[in-house]
Amino acid sequence: MNDRIEVSSEPLPEHVDVSATTAGGVAVFLGCTRGETHPDGRQLVALDYEAYEEMALKQMHDLAAAARSKWPIERLAILHRVGRVGLGDPSVLIAVSTPHRSEAFEACRWLIDTLKKDVAIWKKEVWDDGGTSWVDPGEPGS
Amino acid sequence: MNDRIEVSSEPLPEHVDVSATTAGGVAVFLGCTRGETHPDGRQLVALDYEAYEEMALKQMHDLAAAARSKWPIERLAILHRVGRVGLGDPSVLIAVSTPHRSEAFEACRWLIDTLKKDVAIWKKEVWDDGGTSWVDPGEPGS
Amino acid sequence: MPGQGQMKVNVKLFAAMRDATGADRVTVEAGTVGELAEKLGGRWPAAKPLIDRSRFAVNQAFASHETVLREEDEVAVIPPVSGG
Amino acid sequence: MPGQGQMKVNVKLFAAMRDATGADRVTVEAGTVGELAEKLGGRWPAAKPLIDRSRFAVNQAFASHETVLREEDEVAVIPPVSGG
């Protein structure tokens, strides 16, 4: 149960090792800031993430426990960055190792989907004119 | 189209950067040697991979092209190791970046599934008594 | 009957909710989460649509409008999340 | 009519097929992939079940049994793959 679960303003590591001699598959997901053009022509320059950190961490631990009850997870990491995240840079990293690959893909997918639905973290778009706007979660997008 | 596609006897890199300012999602899969106990009690110590390298590389390039025709892939890496791969170590790494996360998961999953079905690479189990056996692809396992 | 079953609770405000109110923490007298939501909407009418779409957390777990509040509870408004 | 439409082709052998034959490359006279498969099975009867489950590659692409062979072709037996 040596899950690595963190919320931090530091840049995410490039790599989190969740390998195990009992794991045949490792699935990793990185959610990154994607460049965008606003309908009014402005360019996105970054996303600013804010967390209700104590709650977010608690939720991420609960997600890890729920995922472990659904899939035979060997090791697991859920890292989320807060603060400003530039274009192409990752804001979230999820890594899961399981005996077989299906389980790794399914658990990783479920973790990111559920994190995005429930975990107390918010992002604000930062535009090239200095304007900002909180992301409306009804919006499509990754 | 700067796909990174390699077959090599060197250990796989821990991390392959496929980030892009146009990519909101990166999915990575690592296939690793999973420890196993044979019904007769012997322990697996490694897998030995062999490739028909020219064909495997051609097939991996074809897979990359096919994936690009199915999903809006920004960057892509398919790396396969040959030779002896110890327990917990990766033999294959697939990384895909796309605008949204669904596409990254789907493309990554399709690439590993199709690679395992078609690409001219074979693995042999190496047991702790020195015995070896080519893996029967009818077998379940990752 | 002011004060009956009403606790003074500290409420944390985040993201759009903090921007809408200009505060990251407010104190509200309320007996339940539902009452709290109503009072916040009364105090910041412009934020009411956002409050209506928000969830509430008590001691870092989502709580229903029926949840009864105690003075020492850590309460927070959770506007629609957008992490990841 | 020996030799008619029959090409001498070099055939690469890998993995279980190499172990079954003791060779990583053989020369076989055959006009098509199907004939080649048959000749390999005749030469290594113990490998026939494996050959029957194998695919064949001509110039690094999978080929059907009907594929006609030319002398310069790079031909390979591809036993069921197990990469990944």
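Both backbone and side-chain heavy atoms feed into the values below; hydrogens, waters and symmetry mates do not. Each chain gets a letter, A, B and so on, in the order its sequence line appears, and its residues count up from 1.
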Tell me which of these, [options], has more heavy-atom pairs under 4.5 Å with chain A than the rest.
{"options": "Gly86(B), Gly35(B), Ala23(B), Ala104(B)", "value": "Ala23(B)"}
{"options": "Asp17(B), Ile112(B), Thr21(B), Leu93(B)", "value": "Thr21(B)"}
{"options": "Ser97(B), Pro90(B), Cys108(B)", "value": "Cys108(B)"}
{"options": "Val28(B), Leu87(B), Leu44(B), Thr22(B)", "value": "Val28(B)"}

Ser91(A), part contacting chain B, at a heavy-atom distance under 4.5 Å: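 The answer is neither part of Ser91(A).
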
Per-residue contact mode, Ala27(A) against chain B (heavy atom under 4.5 angstrom):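 Ala27(A) touches chain B through backbone and side-chain heavy atoms alike.
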
Min side-chain heavy-atom separation Asp89(B)-Thr33(B) under 4.5 Å: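 A side-chain contact under 4.5 Å is absent here.
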
Check: Ile121(A) and Val92(A) side chains under 4.5 Å, non-hydrogen atoms: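 A side-chain contact is absent here, since even the closest heavy-atom pair is not under 4.5 Å.
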
Chain A contact via Thr98(B) - which portion, at a heavy-atom distance below 4.5 Å: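 The answer is neither part of Thr98(B).
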
Derivation of the side-chain contact (heavy atoms from CB on, under 4.5 Å) call for Leu115(B) and Asp113(B): CA-CA 6 Å; Leu115(B) 181 149; Asp113(B) 286 354; over 6 Å; no

Donor-acceptor contact below 3.5 Å, side chain Gln59(B) vs main chain Ala120(B):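 Checked: pair present.
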
Over all atoms of both residues, closest heavy-atom pair of Trp110(A) and Ala66(A):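 Closest pair (atom of Trp110(A), atom of Ala66(A), distance): CH2-CB, 3.6 Å.
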
Note: Glu103(A)-Arg101(A) ion pair, threshold 4.0 Å (strictly below):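 Salt bridge: no.
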
